[in-house]
Each structure stands twice: as structure tokens, then as C-alpha cells.
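Right, one structure below, let's go through it.
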Amino acid sequence: MSSLHSLPKGFTSPHLLSGLDADSPILVGFSGGADSSALLHMLCKYGEQSGAKIYAAHINHGIRGDEADRDEYFCREVCRELGVEFFSLRADVPAMAKETKESVETAARNLRYSFFDGLMREKNIPILATAHNANDNLETILFNLARGASLSGICGIPPCRPCSEGIVIRPILELSKDEIYEYCRSNGIDFVTDSTNTDTDYTRNKIRSEIIPILNEINGGAIKNASRLSRSLRADSLYLESTSKAFTDKYLSGSFIETEKLNSSPDAIVNRVLVALYKNVSDGGVLEYTHIDAIRELARKSIPHSSVTLPQGVEAVIENGRLGFRKIRKKPAIQPYNITLIDGKNYISQTNCEIIISCSQNPKNIYKNSILTTIDFDKICGSLFARSRLPEDKILSGGMHKSVKKLMCEKKIPVELRPRIPIICDSEGIVAIPLVAVRDGVRIKKETKSLLSFELCTY
């Protein structure tokens, strides 16, 4: 039985990475290259001691013709010799990329993980092991740095992460490419070489073949140093994420957080809170820095009912001094209406509301779907009618003609309710607006003898 001591120092045991039992089955992403060949060899040693059953999965991406067929055959034969159950998939990735309008790299990655997920579900395998190494990690850091990624992106490749069917682990993430080649040489491990790895039309290949060699000239320990940087930044990132979650748990009320709390907190926490809240509403969407800046400015100004439109059909809104995220609901515009009001029930089909008029005040509890407004019946000029609101509407209130729109903002009427509130008028203009204002002169007083009540019911 092979000892784990014969494995290289940079190899991390799967059970340490996954937190699962040492004998948990493992699926290996096996391309046949030096990295995955070394990883498969190491995991077979690990499985001999731990009792973990090892499986291998290979994808023929349909990109390199005969060379890809050669690689598939090679992988199948290696697994046969090692006694590892082998699975393979053939696909036309370039055609898939064209259809989905993705890069070939992205389409290939999506295909791989979809295939892996299916096998893990079918075979009840909780662990997927991939052969990412220290060189890959530095490539990722540089790639994300060029894109202006956040701290989590600069952390590089995580040693483990959850996936839909279990957990993905990277047991050789601490090993450099040179160390992997040396392991293959000293253990007599054969491998194949992908000719596209030298094609600098691919972004990562350009980083691999042109940028990393220069970094190694500057500092021979660049690759290992990048691994140390990843570990350090990942610890910082985890702390900030946990602090941000604690902030959200403490201050989130429903789907809103007070802007005062946001504006007085550190940027590192607030930015993460915003990203997390948006992600929940947008079903996993990602915010760019420009979006975060716009939301922060929205919170700083904290103007009632103001909003910022975001990707994925989401908007950030300010309501009652609080910031929240919600899906944008596109509602058909309410058609203009003008109806004469009579005693009893008056149904407004355009807003699905009903105005009930009574010539006596009937005190009662009014709930959120029923609004009571009472005026002096003797002060009404001519007949009453209800109409839809106009942009220029004003009402005489407190000795001044005030904008109805502004009054609704001041009264903090929910934006979605405003179009549904009717404007009650007589021959002299606006008499009353439920929830908002009553015209000077028609307000009831102690000496008022004749009362008229409007009960607005929304459905």
C-alpha cells in the first residue's frame, strides 16, 4: 500500500479540502495533460490508503480533430491500466459557442462542468477534483487584475468551492508547473500535450507564454509568491464577507436598509452588502463598479422615491430613508378617466378602485385598502367628479396652490399607489385627494352641519 508520504509536499488531501470522509468517492477531470495525469496518479495513491474510489471524466471538445481523438484514447488507456472507471463526452464546442454567442473558452468550461455535474449526480460522487496548479493561479490573478476585478477576483483560484452536486477541490493548487513535470518524470507518468496551449489568440495562453516568463525573470519565486498572496488575501476576504453578512443580518428590515447606516459604514462593508442584496434579487447577477458607485450616490442623496436602474431588470430605490432592491414591474399605463360621482358606489375600472359616497360621517377603522376622506358638503360648487391625475395638478392647501406631485412625495405615498389615487373635483377645481390633501374652505369644522364622506377602496 502506497504511503501519502510519497506524494509531493504541495499535494493537499481531498478530505482536508472537502471536509468529507477520507473514503468519499472522487471524480477527476482528466484531460491527459501533465497536470491532470499527475493529479490522477496522486489520487490513485491517496485512494489506495484512504479507500476512496477514483473516477475520471474526459471531454473531447471537437476542436483539434485527430489530436483530440488521440487524447481521448490515451486517457481511456491510462484509466484502464490504473483500474479507474472512465467516462467521456464528445461535443462540437465551436458550434456551441457560436450558437450561445460565448467565447470558445467559456462554452468549453460550461460544457465540462455540466458533464461533471451529471456524473456526480448519477454516480453519487460528492467530490470533483480539478488539476489547477500554482501557475494557473497566477494566470487567474493577472487576468482578473487586468479586468479590474474585486478582492475576491484577485484572490485567485479557491482551493475548494461548492458546486451544484457537491464540492470542487484543487489538491495540487500549491504545486508549480515545474514541480508537476518533475513528479511526472520521477514517477514515469506519460502525458499528452494540447497544441492549442501555445496559441496566443487565447487570453490565458498569452499570459502563460509571454507575461509569466517575464515575472519569473524579475523574481524567480513569482509563482509561489502568488500562492502566498492568494492565501493572505483570501483570509482578508473571508473576514470582510463575514462582517458584511453580520451587518446585513443586523440592519436589514424586509428588503431595505437605512441609508444612514450605509452612509456611515466603511466602503469595504457597504460595497459587499450592496453586491449581496442585488445578487439575491437578480438571481445571481453581478454588479460592476459603475453600478455600485451609482447606488452609493443614490444612498448618499437619499431622495424619497428616487431610483437607479440596474441590470437583470432590477432597480435600487429609496423609500422612507431606506435603500432596497426590487424587480422592475412594468405595468400598463392607466388610461385617463373622468366620471361623475353619485351617492353610493362609483367603480373606476381604469384603476380597479371604488369610491363610496355617503352624506354622513361614519367613523370606523380604515385599513390599508380603504381610505376615508370627509369634507363640508355645503362648500362644494356644482357636481362632483373623479378624474385621473394630470402633471400640472395643484390644490389650494394652507393658503397656497401646491403641486399634487410634490405633496404625494412629502406624504411618502408609495410610488405604485400614486397613479391609482383619484382626483376629486367640482366646478372650481380639485376638492380633495385621498391620503394627500383637502382644499381650503371645504375642510370640516365643529360647526359643519352637512358632511360628505369619500371612501376609496383599492382592490
Donor-acceptor pairs under 3.5 Å, side chain of residues 402-414 to any protein atom, not counting sequence neighbours: which ones?
from, atom 1, to, atom 2, distance (Å)
S403, OG, K405, N, 3.3
S403, OG, K406, N, 3.2

Would you call [X] and [Y] a salt bridge, taking side-chain N to carboxylate O under 4.0 Å as the test?
| X | Y | answer |
| --- | --- | --- |
| E241 | K245 | no |
| K45 | E48 | no |
| R70 | D66 | no |
| R322 | E319 | no |

TODO: With sequence neighbours excluded, give me every side chain to side chain donor-acceptor pair (under 3.5 Å) pair touching residues 150-167.
DONE: D117-S164, R121-E165, S150-S152

- [ ] Keeping to residues at least two apart or across chains, list the side chain to side chain donor-acceptor pair (under 3.5 Å) pairs with something in residues 256-270.
- [x] T259-S302, D267-R296

Open item on the list: For D293, give me all partners under side chain to side chain contact (heavy atoms under 4.5 Å, CB included), at least two apart in sequence or on another chain.
Closed with: none

TODO: Could I get the full list of side chain to side chain contact (heavy atoms under 4.5 Å, CB included) partners for S114, not counting sequence neighbours?
DONE: none

TODO: Not counting sequence neighbours, list each pair that qualifies as a ring-ring contact (aromatic ring centres under 6.0 Å, His included) and has a residue in residues 242-267.
DONE: F247-Y251

Open item on the list: Test: ring-ring contact (aromatic ring centres under 6.0 Å, His included). Region: residues 265-320. Which pairs qualify, not counting sequence neighbours?
Closed with: none

Open item on the list: We want to know whether D69 and N60 form a side-chain donor-acceptor pair, criterion being a heavy-atom distance below 3.5 angstrom.
Closed with: yes

Under 3.5 Å, side-chain donor or acceptor atoms of residues 125-132 against the rest of the protein: list the pairs with distances, not counting sequence neighbours.
from, atom 1, to, atom 2, distance (Å)
T130, OG1, H132, ND1, 2.8
T130, OG1, R170, NE, 3.2

Task: By ring pair (Phe, Tyr, Trp, His ring centres under 6.0 Å) - contacts of F74 (at least two apart) - done: none

Task: Heavy-atom pair with the smallest gap, counting every atom of N144 and G153 - done: ND2-O, 2.8 Å

Task: Shortest non-hydrogen contact from F86 toward C75 - done: CE1-CB, 3.7 Å

Open item on the list: Parallel, tilted or perpendicular, judged at 30° and 60°: which one describes the rings of Y181 and F191?
Closed with: tilted

TODO: Would you mind listing every salt bridge (charged side-chain N to carboxylate O under 4.0 Å, His left out) that reaches into residues 131-157, with sequence neighbours excluded?
DONE: E139-R208

Open item on the list: For K327, give me all partners under salt bridge (charged side-chain N to carboxylate O under 4.0 Å, His left out), at least two apart in sequence or on another chain.
Closed with: none

Show me the donor-acceptor pairs within less than 3.5 Å that the side chains of residues 214-224 make with the rest of the protein, sequence neighbours left out.
from, atom 1, to, atom 2, distance (Å)
N219, OD1, G221, N, 2.8
K224, NZ, E174, O, 2.5
K224, NZ, E179, OE1, 2.8

